[in-house]
Amino acid sequence: MILDKKIIGKRVKKIRLEKGLTQAELAEMCNLSTSYISCIETGKKRPSLKSLEKLGKSLHVKVESFWVVNLKNAHRECESDLIQICRDFNSNQKQMLFEIALIIKKFS
């Protein structure tokens, strides 16, 4: 299974922030560079399994925590991302999105 590096990055960042750690602190705990942690969190790089194991151990979570999310939380994150995207839309784009949503709802 190929895992989306952006999803993994978002989860690493979320868990790190929940633990009250900076990127530098986490990097030191994992023996990884701060820039590598940043690249993982922004989805620029896909971490190796070895790196994920180090991150999991340092954050006291199972490796699966970086890609397995509670569906309720996943829906909330999706809604939040959609709202953020829509804020940047002009009125025509918002109207198109609304019409697309209606079509999706009709055929679901």
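Quick caveat: nothing in here was measured; it's all calculated off a predicted structure.
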| Check: Ile40 and Leu55 side chains under 4.5 Å, non-hydrogen atoms | yes
| When you look at NZ of Lys19, are more than 12 heavy atoms from neighbouring residues, nucleotides or ligands closer to it than 6.0 Å? | yes
| Arg46 CZ to Lys6 NZ distance, which is reported to the nearest 0.5 Å | 11.5 Å
| message | Let me confirm one number: the CD-CD1 distance from Gln93 to Ile100, rounded to the nearest 0.5 Å. | response | 10.5 Å
| query | In the single-linkage hydrophobic clustering (I, L, V, M, F, W, Y; side-chain heavy atoms under 4.5 Å), do Val63 and Leu32 co-cluster? | reply | yes
| query | In the hydrophobic cluster built from side-chain contacts under 4.5 Å, what are the other members alongside Phe98? | reply | Leu102
| query | What is the distance from atom CD of Glu25 to atom CE of Met29, rounded to the nearest 0.5 Å? | reply | 8.5 Å
| request: Measure the spacing between OG1 of Thr22 and CG of Leu17 and express it to the nearest 0.5 Å. | output: 10.0 Å
| Asn90 atom CG, neighbour heavy-atom count above 12 within 6.0 Å | yes
| said: Between Ile85 and Leu97, is there shared hydrophobic-cluster membership here, with clusters defined by ILVMFWY side-chain heavy atoms closer than 4.5 Å? | reply: yes
| Once you round to the nearest 0.5 Å, how far does CD of Glu28 lie from OG of Ser33? | 12.5 Å
| message | Are the side chains of Phe66 and Val61 in contact, using a 4.5 Å heavy-atom criterion? | response | yes
| request: Spell out, as yes or no, whether a donor-acceptor pair under 3.5 Å connects the side chain of Ser51 to the backbone of Pro47. | output: no
| request: Flag yes if Ile83 and Met96 sit in one hydrophobic cluster, no otherwise; membership is Ile, Leu, Val, Met, Phe, Trp, Tyr, and two members link when side-chain heavy atoms are under 4.5 Å apart. | output: no
| query | Phe89, Ile104: one ILVMFWY side-chain cluster at the under-4.5 Å cut-off? | reply | no
| task | Inspect the contact between Glu53 and Lys57 and indicate whether a charged nitrogen and a carboxylate oxygen are less than 4.0 angstrom apart. | result | no
| Main-chain N/O of Thr34 paired to Ser38 side chain as donor or acceptor, under 3.5 Å | no
| message | So Gln23 and Arg16, do their side chains get closer than 4.5 Å, heavy atoms only? | response | yes
| Lys10 bridged to Glu41 by N-O distance under 4.0 Å | no
| query | Roughly how far, to the nearest 0.5 Å, is the CG atom of Leu26 from the CD1 atom of Ile37? | reply | 4.5 Å
